[in-house]
Amino acid sequence: MLPVVVVHGGAGHIPKERSEKSTSGVCSAARAGYTILQGGGSSMDAVVEAVSELENNPSFNAGCGSVLNVKGEVEMDAIVMDGKTLGSGAVSAVRNIANPVQLARLVMDKTSHACLTAEGASLFAQAMGVPQVSQESLITDYSRMRWKKNLAPDANPVACQMGKMGTVGAVAVDSEGNIACATSTGGMLNKMEGRVGDTPCIGCGGYADNKLGAVSTTGHGEAIMKVTLARLILFHMEQGQSVEAASDLGLAYMKSRVGGLGGVVTVDPQGHWAARFSSLQMAWAAVQKDTLHYGLYAGEHFTQDNNPH
Amino acid sequence: KPNFLFETSDFGVTSCCDSLLYPTDGAIVLLFDGFLEGGLSALNTDGEVELDAIIMDGRTLASGAVSCVKNIANPVSLARAVMEKTAHIMLTGRGANMFAESIGIVTVPTETLVTEYEMKEWEKHKNYVTGVMEDFNSQWAHDTVGAVAVDCAGNVACATSTGGIRNKMVGRVGDSPIIGSGGYADNFTGAVSCTGHGESILKVTLARLILSHIEQGKSVADASQLSLQYMGDRVQGAGGAIVVSPSGKWAATFTTERMAWAAVENDVLWYGLDPNKRLKEQLSK
């Protein structure tokens, strides 16, 4: 068993001036997650830490930096799943909190439910003592600029979204063989109020099962939902496919059947991992043993010593 | 006809089937399922009705869903409108109600959505477990309805609708509106609608699991049985599912004590409530 953390910062086409920030962001998050595993933390602790860091990073479409809905507001979705128990927690269309992924974990740990939505999710956050943050603190100049641009009658938010999908996610296996996944997003650019995408839907935005592996997805949310992408990839692994082949099969099917592009990070119980995408780019990073792996364009795979002393 | 068929019909599930051709040569199969306990909808801890529904078209894999929408009579019709009139698949909470309003679906008073029985039960539980967020036995106090169908052209569809579980937390979303859990439809494999303990159904993505077994060559009955068995073994959850294949094979299977179900095929109505009991009635042409 080789502990591993794999993170993604969203599939799409990342503008050049932003690509460096995306790469350094995912590398830093993967390192943070791996540090948790090295300290004896669980895979669940590791994915929540990695995703929280990406939520706090304004370069990604999750937490601070989330895209705005049509009314110019931030509504976020997140999910976590524990592969040992198949327990999961999710929040959808939640507002005014900094780290939706942590609230999703609280739903899993503190309630008998698996998903809380909208005002109910906010009420739960308050009951749990999660600090409220202002809408302003979650909005960046960049997200406001993109919102305004896409209010124009001839705008195409779906096409523009490919400019920065930016959903974030992580999968991990710890030394005990427990597997977890986490995914968090601000959703789709200029979405309707109350729109829920794939991210908080179990089997779509993520799935984790100690017996099979874990997947966190990113890309065109509605397409991911139509094929329940995370679950689909794990079905292929159940049939004997490798993490890489299963991920590619799932993404290829999504493209051919419903014309959707996206990306995934995948692990199996042995610690094999893959970061695959059908979009032009996906910022991803992984840490296993003493090596940091990362990439942005298809075929890119850089490595670096993770313990520079 | 057994009255539970009317109960489910009253709830609006039939609207999913409006678009399906009615039989000329008997290729159509319609199934409904639903729990009989409780009223049509359950009240949350605030005494409100929050509804979830999903609909899916197996030809395109297009889907529409609403979660936590308040006080509308036919959530499944709203789910269908999400599928047909928006670029999205799912709308939740206030956003779902705003969309309903924008397309002329009116809200109705809470009293019209819950039975007197449900009101009393809710009061009883509210007083009895003040401060306790969830009802120990709440998994049985729910009423999910669903339908799957295949039309003469081999198109399959599913719809599932629920008022959730009694004394659920405000904003709780169960399995019903989640694609692959509460329902899934694919012309290449079949359609499924699920009912039972929502959180367990979510954990195993029951609808998608059943279809993956069908994809691997299992019969609709075996696929349902295997998946429900797995849900019992792995996460100790009970439930039921109705399934149709593109060729018109169907099954209504459950690991709960009972599940009310009915099916129409070749002008014959099949229905049942208890395990291994299946009744038959000839429908007039």
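We use all heavy atoms of the structure for the numbers below, so side chains are in, but hydrogens, waters and symmetry mates are not. Here is how names work: the chains are called A, B, and so on, in the same order as the sequence lines, proteins then strands, and each is numbered from 1.
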Carboxylate-amine/guanidinium contact [X] [Y], below 4.0 Å:
| X | Y | answer |
| --- | --- | --- |
| E199(B) | R172(B) | yes |
| D186(B) | R257(A) | yes |
| K211(A) | D268(A) | no |

Heavy-atom contact with chain B under 4.5 Å, split by part of [X]:
| X | value |
| --- | --- |
| E119(A) | side chain |
| Q239(A) | side chain |
| L116(A) | both |
| C204(A) | side chain |
| R195(A) | both |

Inset, instruction - Could you tell me which of L123(A), T85(A), L232(A), V227(A) has the largest number of non-hydrogen atom pairs under 4.5 Å with chain B? - result: V227(A)
Inset, instruction - Could you tell me which of D198(A), V258(A), V196(A) has the largest number of non-hydrogen atom pairs under 4.5 Å with chain B? - result: V196(A)
Legend entry - Top contributor to chain A contacts, counting heavy-atom pairs under 4.5 Å, from E215(B), M56(B), M98(B): M98(B)
Legend entry - Most chain A-contacting option - heavy-atom pairs closer than 4.5 Å, from G171(B), G95(B), S212(B): G171(B)
Is it the case that [X] and [Y] place a side-chain donor and acceptor less than 3.5 Å from each other?
| X | Y | result |
| --- | --- | --- |
| T205(B) | S181(B) | no |
| T160(B) | S176(B) | no |
| N155(B) | D57(B) | no |

Inset, instruction - Would you please test H197(B) and V235(B) for side chain to side chain contact (heavy atoms under 4.5 Å, CB included) and show each step? - result: CA-CA 10 Å; H197(B) 184 231; V235(B) 297; over 6 Å; no
Examine whether an atom of [X] lies under 4.5 Å from a heavy atom of chain A, and if so say whether it belongs to the side chain, the backbone or both; otherwise answer neither.
| X | result |
| --- | --- |
| I178(B) | side chain |
| S200(B) | neither |
| Q216(B) | side chain |
| V204(B) | both |

Inset, instruction - Check for a donor-acceptor pair, side chain of Q241(A) on one end and backbone N or O of E238(A) on the other, with a separation under 3.5 Å. - result: no
Legend entry - Flag if over 12 foreign heavy atoms under 6.0 Å of CD, E101(B): no
